[in-house]
Novice: 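One structure, as structure tokens, below. Some questions next.
Just so it is clear: chains get the letters A, B, ... in the order the sequence lines come, proteins before strands, and each one is counted from 1.
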Amino acid sequence: MNGRNSQRAVVVVPAFNEVETVAAVVADILRAGFPVVVVDDGSSDGTAAAARAADAAVLELPFNLGVGGALRAGFRWAVDNGYEIAVQCDADGQHDPAELPRMVEHAIANDLHLLVGTRFAGTTGFRATRIRRVPMRLLARVASKATGSTITDASSGFRVVRAPLLGEFAMKYPMHYLGDTFEALVQAGRHGYHVAEIPVSMNERQGGAPSAGTVASMRHLARALVTLLIGSGHKYRMFEGKSVDDK
Amino acid sequence: MTNNATIAITVVLGLMFAVAVVLIARRGILSMRYTVGWLFVAACVVAAGLLGRWIKPIASALDLDPALVLLGLASFSLLLLTVQLSITVSGLTERARTLAEAHAILKLRLERLEQQDASKHENQ
């Protein structure tokens with residue numbers, strides 16, 4: 001780590017076919033005062049070019065890896081470039097970059113390694129479908145137990161990650177469904193990292209299609225249950241170190 | 001079908017499978033590691049044919065048809081093999097992922113170095 005970006009944050013934006021929204025998201029992040037790296041996850045619609053034109057650093061994955069794969073690439077790049085804080089933010093415009101300074105300050109002030117922006121605790125009008133609410137509550141309960149902190153939105157992708165957890169995520173980060181959100185949260189808690197959540201405002205999707213149909217919700221339920229079965233095992237430890245206190 | 005005919009068919013099938021594996025390997029589309037594995041399976045099929053009479057006492061102890069016992073053992077072996085292959089594929093997926101990430105990071109680094117180089121030349 002070269003130290004020149006110590007305590008400075010970089011925003012990591014995983015993007016897959018988000019050409020409609022990525023430029024506006026990058027512009028908003030730069031306006032909020034943060035450097036941004038867009039991880040183009042094998043898009044075929046010119047997302048990388050749009051992000052580059054908007055002055056973002058762009059990591060172009062040669063093929064689609066999924067959100068977890070894109071995020072680990074972004075975290076690796078952040079660590080390689082000396083950043084100690086990375087903020088994960090969606091490219092579809094749902095996450096409000098105006099929240100970034102408050103989230104980063106909150107994480108630093110409270111010595112948090114992982115801060116999750118929750119859609120359920122206040123300022124947002126976000127409501128999930130009934131079929132989705134059941135597994136979401138279940139995931140939240142397991143995540144709360146693992147982290148020792150009240151988690152209401154275990155699958156939120158609006159997060160601040162600080163060193164040394166950032167270094168762990170740069171080396172090992174789950175790439176399967178809900179692995180990048182729920183499992184990463186549970187593992188951070190299991191390893192003794194300080195985890196909390198903060199209410200954030202959420203925008204409507206600025207482009208692309210959401211996956212909120214009944215079939216998609218049922219699939220979400222099935223996959224969430226499998227993730228719970230595998231990712232919440234008490235003996236499973238993702239990182240090599242025993243806990244943050246040993247570091 | 002007589003006992004001898006069953007043995008002959010099983011042994012011939014095993015040998016045919018072994019020949020097919022060798023032919024595929026010689027075309028270079030099956031690596032040595034998996035060739036050895038599948039040849040082992042072929043050897044097991046031949047052995048099952050030749051040692052078929054050993055199945056009979058086990059089958060009668062379990063009150064099952066000998067063919068059913070053989071089929072069950074074969075299915076279970078293939079199931080184990082499939083799980084092993086899934087584990088291998090998972091490992092390869094992780095390697096491909098790491099490689100893709102390294103590729104993306106190096107590409108950005110190269111682009112930036114090229115930009116720096118170009119602006120240096122413009123200033124000279």
Novice: Is there side-chain contact between B/E111 and A/R52, with heavy atoms separated by less than 4.5 Å?
Specialist: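 SC-SC contact between B/E111 and A/R52 confirmed.
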Novice: Contact part of B/R109 toward chain A, heavy-atom cut-off under 4.5 Å: side chain, backbone, both or neither?
Specialist: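 Neither; nothing under 4.5 Å.
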Novice: Would you give the length of the straight line joining atom CG of A/L65 to atom OG1 of B/T98, rounded to the nearest 0.5 angstrom?
Specialist: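 Reported value, rounded in 0.5 Å steps: 9.0 Å.
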Novice: Just to be sure I understand the criterion: a residue of residues 34-43 of chain B counts if one of its heavy atoms is under 4.5 Å from a heavy atom of chain A. Which ones qualify?
Specialist: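 Interface residues of residues 34-43 of chain B: none, nothing closer than 4.5 Å to chain A.
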Novice: So does B/D63 have more than 12 non-hydrogen atoms from other groups sitting under 6.0 Å from CG?
Specialist: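 Not more than 12 within 6.0 Å, no.
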Novice: Kindly give the heavy-atom pair with the smallest separation between A/Y173 and B/R97, and that separation in Å.
Specialist: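 Taking every non-hydrogen atom into account, O-NH2, 2.5 Å.
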Novice: Indicate the atoms forming the closest heavy-atom contact of A/F63 with B/A96, along with that distance.
Specialist: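 Closest approach of A/F63 to B/A96, heavy atoms only: CZ-O, 3.9 Å.
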Novice: Indicate yes or no: at least one non-hydrogen side-chain atom of B/I105 is less than 4.5 angstrom from one of A/L59.
Specialist: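 Yes, close enough: below the 4.5 Å cut-off.
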Novice: Looking only at heavy atoms, which two atoms of B/A104 and A/E60 are closest? And how far apart?
Specialist: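 In terms of heavy atoms, the two residues are closest at CB-O, 3.3 Å.
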Novice: With a 4.5 angstrom heavy-atom cut-off, is it the side chain or the backbone of A/L61 that approaches chain B, or both, or neither?
Specialist: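 Both parts, heavy atoms under 4.5 Å.
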